[in-house]
Enquirer: 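Before anything else, here's the structure in question.
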Protein chains: 2
Amino acid sequence: MTAKAQATRERLLVAAKQLVMSKGFAGTSIDDVLKATGLTKGAFFHHFKSKADLADQLMRWYAENDMKMFRTFLAEAEAAHDDPLQQLLHFLTDFEAYLCDPDHPPRGCMYALYTYEDDHFENSVKDFVSEILRTWTAMYIRKFQEVIDRYPPAREVTAKQLAEMIVAVIEGGLILERAHRNPGMAARQSEQFRAYLELLFPTASEQKAA
Amino acid sequence: MTAKAQATRERLLVAAKQLVMSKGFAGTSIDDVLKATGLTKGAFFHHFKSKADLADQLMRWYAENDMKMFRTFLAEAEAAHDDPLQQLLHFLTDFEAYLCDPDHPPRGCMYALYTYEDDHFENSVKDFVSEILRTWTAMYIRKFQEVIDRYPPAREVTAKQLAEMIVAVIEGGLILERAHRNPGMAARQSEQFRAYLELLFPTASEQKAA
DNA sequence: TCTATCATACCGACCAGTTGGTATGCAAAA
DNA sequence: TTTTGCATACCAACTGGTCGGTATGATAGA
């Protein structure tokens, strides 16, 4: 694939993402994508063998970018602190800033979008979404386990519970954000979650204050 | 409208809800609904003047049922306890049981589904969804305010923050539940939120233990 | 260096099936 | 008899998808 072809593929994916995020996948026609890019059917079906294939490639492309961002933030946080809890809080605040960034539409999460239209997707796509969410969760679990190992939680809690909660909280926040057309609600949810963490690990907070 | 006509309308709405919850709104055709009910176009367009009208009526019907359940659970909780925090916890556990009830598919929340397809809906519908979510939130806010007024929170927090968080947590939990085809995840999120509440209002927990 | 060959990248007309929506008819209820 | 509640037949627009074709190179043989 030449660089130009690569660029064309990217144009299609970018436009598709934009449209899908505001109209849903089934609600986005191939013609919509072509109108948005100025390309034609020939171009589309050269890069994607069907609409279902677009669903697949779009999700994988989205997840790849997503993961890249995740890892960047995580690496940054790990470089900035030794303490695992401080790393987590740092990561979350970075992520909150990202969520609030006005240059960053469209708002929302494509994993959530796909799950609410799942009857249209092949099992491979659904499994992929599930797997990606599990990967996110697993990365959180690791960090939370480190935290729990170091600081006694004020209440019995597992790393998995906390990991799933932060994912849920952000997904839910994004929904509220969209429903109320009020950017920042997802970030505020993450903030509340941090408040929970501070109550859970009071000894860590004391250490930080010291 | 006769009783039979009312029943027909209900049949259409029930089928539409089922289909929309698994395929999305745009992904559900009128013919799908008719196939599911055994009715015909004549029946459909007698009750709904367009597909957009179905979107509107379906959401209002859904919200009405939803609210009815909410109020029932709340009334029950208020009858069972004097203490506002105990009422809230009672409500949440009831709600968790409802979320886990296997007789209660399809899983998910139609408000979330609509927000992820919002470009297809008229503003009146989008505004309605926003308003309904606000109503839910408002009911939580009232309760949390009572709790905060009675018990000093271990950390500064507003009733609104807690109200939005429980909504977000459940919405997010429902997404995870769908993505992983793992019923019960939403309920587990609610459980974690209750853990947060117990840490926030320790004096109340002591009183309960006493 | 020129040219023949061929794969890549894209175009745009076209197709069959599906979409939301309409017009009409008709039986039963009011 | 009139209205309500639904069935049937139909339509134009749009859907995802196909297909013949073309422009653009890269490569390799002369």
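Throughout, a chain's letter reflects where its sequence line sits, starting with A, and its residues are numbered from 1. All values below come from the heavy atoms of this structure, side chains included, with hydrogens, waters and symmetry mates left out.
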Enquirer: Rounded to the nearest Å, what distance is computed from the CG atom of residue B/Asp31 to the C1' atom of nucleotide C/dG21?
Expert: 11 Å
Enquirer: Quick one, give me the B/S/- string for nucleotides 7-12 of chain C, reading 5' to 3', where B means a protein heavy atom under 4.0 Å from the base and S means that only happens at the primed atoms, P, OP1 or OP2.
Expert: --BSBB
Enquirer: What verdict does the salt bridge (charged side-chain N to carboxylate O under 4.0 Å, His left out) test give for B/Glu131 and B/Arg134, after you've listed the backbone C-alpha separation in whole Å, the side-chain angles of each residue and the deciding distance to 0.1 Å?
Expert: CA-CA 5 Å; B/Glu131 196 189 310; B/Arg134 219 180 291 279; over 6 Å; no
Enquirer: With heavy-atom distances below 4.5 Å as the criterion, would you say the side chains of B/Phe25 and B/Lys51 are in contact?
Expert: yes
Enquirer: Main chain of A/Ser29, side chain of A/Asp32: is a donor-acceptor contact present, judged purely on distance under 3.5 Å?
Expert: yes
Enquirer: Tell me if the aromatic rings of B/Phe70 and B/Phe91 count as close, with their centers under 6.0 Å from one another.
Expert: yes
Enquirer: On DNA chain D, nearest-nucleotide positions of A/Ala52 versus B/Phe44: which is more 5'?
Expert: B/Phe44
Enquirer: Rounded to the Å, how far apart are B/Ile30 CD1 and C/dT19 P?
Expert: 10 Å
Enquirer: Using whole Å, what does the distance between atom P of nucleotide C/dT22 and atom NZ of B/Lys51 come to?
Expert: 15 Å
Enquirer: Hey, does A/Thr28 reach any base, or is it just sugar-phosphate, or nothing, if we go heavy atoms under 4.0 Å?
Expert: sugar-phosphate
Enquirer: What integer distance in Å separates A/His120:NE2 from D/dT15:P?
Expert: 14 Å
Enquirer: Whole angstroms only, please: what is the NZ-C1' distance between A/Lys35 and D/dA13?
Expert: 11 Å
Enquirer: Output the rounded distance in Å from CG (A/Asp53) to P (D/dT18).
Expert: 12 Å
Enquirer: Apply the test salt bridge (charged side-chain N to carboxylate O under 4.0 Å, His left out) to residues B/Arg194 and B/Glu96: give CA-CA distance (whole Å), side-chain angles for both, the deciding distance (0.1 Å), then the verdict.
Expert: CA-CA 11 Å; B/Arg194 283 193 287 124; B/Glu96 285 161 30; 2.9 Å; yes
Enquirer: Starting from C1' on C/dT19, measure out to NZ on B/Lys23 and report it in whole angstrom.
Expert: 13 Å
Enquirer: Send over the distance from B/Glu10 CD to D/dG5 P, rounded to a whole Å.
Expert: 15 Å
Enquirer: Using the rule ring pair (Phe, Tyr, Trp, His ring centres under 6.0 Å), only one of B/Phe121, B/Tyr62, B/Trp136, B/Tyr116 pairs with B/Tyr111; which is it?
Expert: B/Tyr62
